[in-house]
Protein chains: 2
Amino acid sequence: MELSERKKKILQCVVDDYIETAVPVSSKSLTERHLPNISSATVRNELSALEELGYLTQLHTSSGRVPSAQAYKLYVSDLMVKDKLTEKELDYIKKIFLDKADNLEEVIKNTTKVISELTSYTSVGVVSPDVGEKINVIKFFRYKKDTALVLIVTERRLLKDNYITVPENMEEEQLIEAENVLNRLCVGKSFEEICNIKDDINDEFSGYKSIFVNVVEALRVYMTVQESDVVLEGQDKILDHPDYADIGKIKNFLSVVTKKDKVMTLLSGDGKDIKINVKIGTDGYEEIPEDCSLVTATYSANGTKIGTYGVIGPIRMDYQKVVAVLENVGKILESILTNR
Amino acid sequence: MELSERKKKILQCVVDDYIETAVPVSSKSLTERHLPNISSATVRNELSALEELGYLTQLHTSSGRVPSAQAYKLYVSDLMVKDKLTEKELDYIKKIFLDKADNLEEVIKNTTKVISELTSYTSVGVVSPDVGEKINVIKFFRYKKDTALVLIVTERRLLKDNYITVPENMEEEQLIEAENVLNRLCVGKSFEEICNIKDDINDEFSGYKSIFVNVVEALRVYMTVQESDVVLEGQDKILDHPDYADIGKIKNFLSVVTKKDKVMTLLSGDGKDIKINVKIGTDGYEEIPEDCSLVTATYSANGTKIGTYGVIGPIRMDYQKVVAVLENVGKILESILTNR
DNA sequence: TGTTAGCACTCTTTTTGCTTGACTGCTAAT
DNA sequence: ATTAGCAGTCAAGCAAAAAGAGTGCTAACA
């Protein structure tokens, strides 16, 4: 059922006020602050109707109204007036990114830092693996008798966190030989393609099969989100918000947010095309701490997903600000990473 | 002034009880729980004397006694009965380390994890840089026109997080040449030695001076503690302790503990030979959050400092358990890392 | 001289009742 | 459909009273 224009307006004012003050909103304060042309009694009737429809709740009979999760959803999708960032804030974002634009890892760390800084909420981010990412070159670096570091240069980054075990008696030339064969097989191909060719390589790859299997395993690891791909900033910001005056809630929040694996699952489900995505903990999304809200945006450059970034905080969140920050950071980030 | 045996015994009981219950300790409960042979009136006299001497405080005239920082110090150094870990706990420690004993980074992460798990406090750790660490080999890996990754293999680890800028017009052979010269200069030398030879290399190193300077800079970075060398575990554990029922205190704690640079300075001052080191926030140590206690141990293997690990938590900490865990983890860790 | 029983005193914590103030919901008039 | 006005509800704040936990002191005792 579509709400009347007046109901929408009133609901918007309730959410605005509640987000600002954290105090249940009364009919009187609404007429005084936003609606001088109608009486508080009329507003009371409307509030009562909105409560009936599930948009508002009351803590007790004589308290003001508090928005429900349903109300926040409508607010974000329909009612909210989009906020603009100040020049100062925009400059801040640009300055941060321009310094270290060429290192993807740095960019990602800075992204969460900026988001957390500007919104004053905890921010989370994860680099999306890209199964279509193509390999430029693979290099082995043997640094112990039986261990070699695998360096993989792809279109967008340098992967250098995987090791393979090498037979101790393997000569240096053999390792180079293996490297050459591997490069012949892999260069220009995507992770996905390489993982699929594993069967028909016996002839060419003869003696080095175990190495190939190891490298494919390393690639497979890079294809899924790793804990090291998850970035967190401002975990303590939550304490500044009155919604978390209760230790139990803080604990609930921190027990999720301090664990990278949990944050990973939190961010993993997010779709490809959706730009701004709001999930509210109370209904349906089990991964999100109770009474929390997760607002995320997925950024892409040159048609490839870069990563998902967002803010996690109280349901009573400053969505105007958060959405504005996420959109602007996205724009600037994408423009820097596209066609560079 | 030396305390009488009975005073020591009573003080020990007070601290034991207070650590266990978090409730101010009364004369009556002391006689009931630990001292059946003396009357509560006698204990009261002794408590009063101990208060006079600065070991105990009273929140108000009719409350029980609470240990002062001074009392905790004496408790840890003299009074405390050393705790033993259970077989189960010891097995747990061994199992964790045996899995990944050959990767120093993994070992360090696991160390803090184990400590936090077993003590149920937040644990912190930092890998000590070792200025005497000798270099086995240096390798450049050029992966972009103007950027090369610097790989440095030392006696104990593989450093792979530094990049140098290479002149775009530099040929591959020239880079290899530079690598050779650099190895001739550096292999077998310690970080410290290399940083000191920078002046008289002009003749041999001719054209590659900027590269050498870059590499030395990279070494200098490795010689100081890096943020990436700091590990943290169980930041949310603090919330389980009643001492942190107050949001202000939690904030205070987290604002230090979530920031790696702050933890770094916290752990940096610790000496070389001291095994177990207890610092209490209320007096003197400004870096430690107020009302917090930091217990650390420094581990070594083959005569070199591996790192400093410890626990940060409330002053009312279970020192018996914490010291036992730190000592045992240290023993096992050192035995694994020595002469491998 | 050290120890102990007993009692008065102090201070916190809990309970209770009361008052005030903020809202709402309802009703009747517009 | 809107509004003014009023009765009803509930939380929050306050003060006084009661209960409880512990101490310090004094006087007696070994």
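Quick caveat: nothing in here was measured; it's all calculated off a predicted structure. For the numbers below, each heavy atom of this structure counts, side chains included, while hydrogens, waters and symmetry mates do not.
The pair A/Lys8-A/Glu46 does not count as a salt bridge, with every side-chain nitrogen at least 4.0 angstrom from each carboxylate oxygen.
Near DNA chain D, meaning a heavy atom under 4.0 Å away, the residues from residues 40-48 of chain A are A/Ala41, A/Thr42, A/Arg44, A/Asn45. Residues from residues 13-24 of chain A lying near DNA chain C, meaning a heavy-atom separation below 4.0 Å, are absent. Within residues 59-68 of chain B, the residues having any heavy atom under 4.0 Å from DNA chain C are, by residue number, B/His60, B/Thr61, B/Ser62.
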Do any side-chain atoms of residues 230-239 of chain A form donor-acceptor pairs under 3.5 angstrom with protein atoms, and if so which ones, sequence neighbours left out?
unit_1, atom_1, unit_2, atom_2, d
A/Asp236, OD2, B/Lys259, NZ, 3.4
A/Lys237, NZ, A/Ser116, OG, 3.1

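For NZ of A/Lys260, the number of neighbouring non-hydrogen atoms (other residues, nucleotides, ligands) closer than 6.0 Å is greater than 12.
Neither side chain, B/Ser48 nor B/Glu51, offers a donor N or O lying under 3.5 Å from an acceptor on the other. There is no side-chain donor-acceptor pair under 3.5 Å between A/Thr31 and A/Ser40. Looking at B/Glu32 and B/Ser29, their side chains never bring a donor and an acceptor atom within 3.5 Å of each other. For the residue pair A/Gln320 / A/Tyr75, a side-chain donor-acceptor distance below 3.5 Å is found, with atom types taken as modelled.
Listed by chain and residue number, B/Tyr72 satisfy the ring pair (Phe, Tyr, Trp, His ring centres under 6.0 Å) test with B/Tyr319 (two or more places apart in sequence, or in another chain). Checked against ring pair (Phe, Tyr, Trp, His ring centres under 6.0 Å), A/Tyr244 has the following partners two or more places apart in sequence or in another chain: A/Phe253. In this view, A/Asp240 and B/Lys251 satisfy the salt bridge (Lys or Arg N to Asp or Glu O under 4.0 Å) rule, not counting sequence neighbours. Every residue two or more places apart in sequence or in another chain that forms a salt bridge (Lys or Arg N to Asp or Glu O under 4.0 Å) with A/Arg316 is listed here: A/Asp243. The salt bridge (Lys or Arg N to Asp or Glu O under 4.0 Å) check on B/Lys249 picks up nothing, with sequence neighbours excluded. The side-chain hydrogen bond (donor to acceptor under 3.5 Å, both in side chains) search around A/Asp17 returns A/His34, not counting sequence neighbours.
Bracketed by its first and final contacts, the part of DNA chain D lying under 4.0 Å from non-hydrogen atoms of chain B reaches from D/dA21 to D/dG24 in 5' to 3' order. Heavy-atom contacts of chain A under 4.0 Å fall on DNA chain C between two terminal nucleotides, which in 5' to 3' order are C/dA22 to C/dG25.
A residue-by-residue look at A/Val25 and B/Arg6 shows that B/Arg6 has its nearest nucleotide of DNA chain C further toward the 5' end.
Minimum interatomic distance between B/Ile312 and B/Met317 (heavy atoms only, all atoms of both residues): C-CE, 4.0 Å.
Between B/Ser39 and B/Lys28, the closest side-chain pair of non-hydrogen atoms is not below 4.5 Å.
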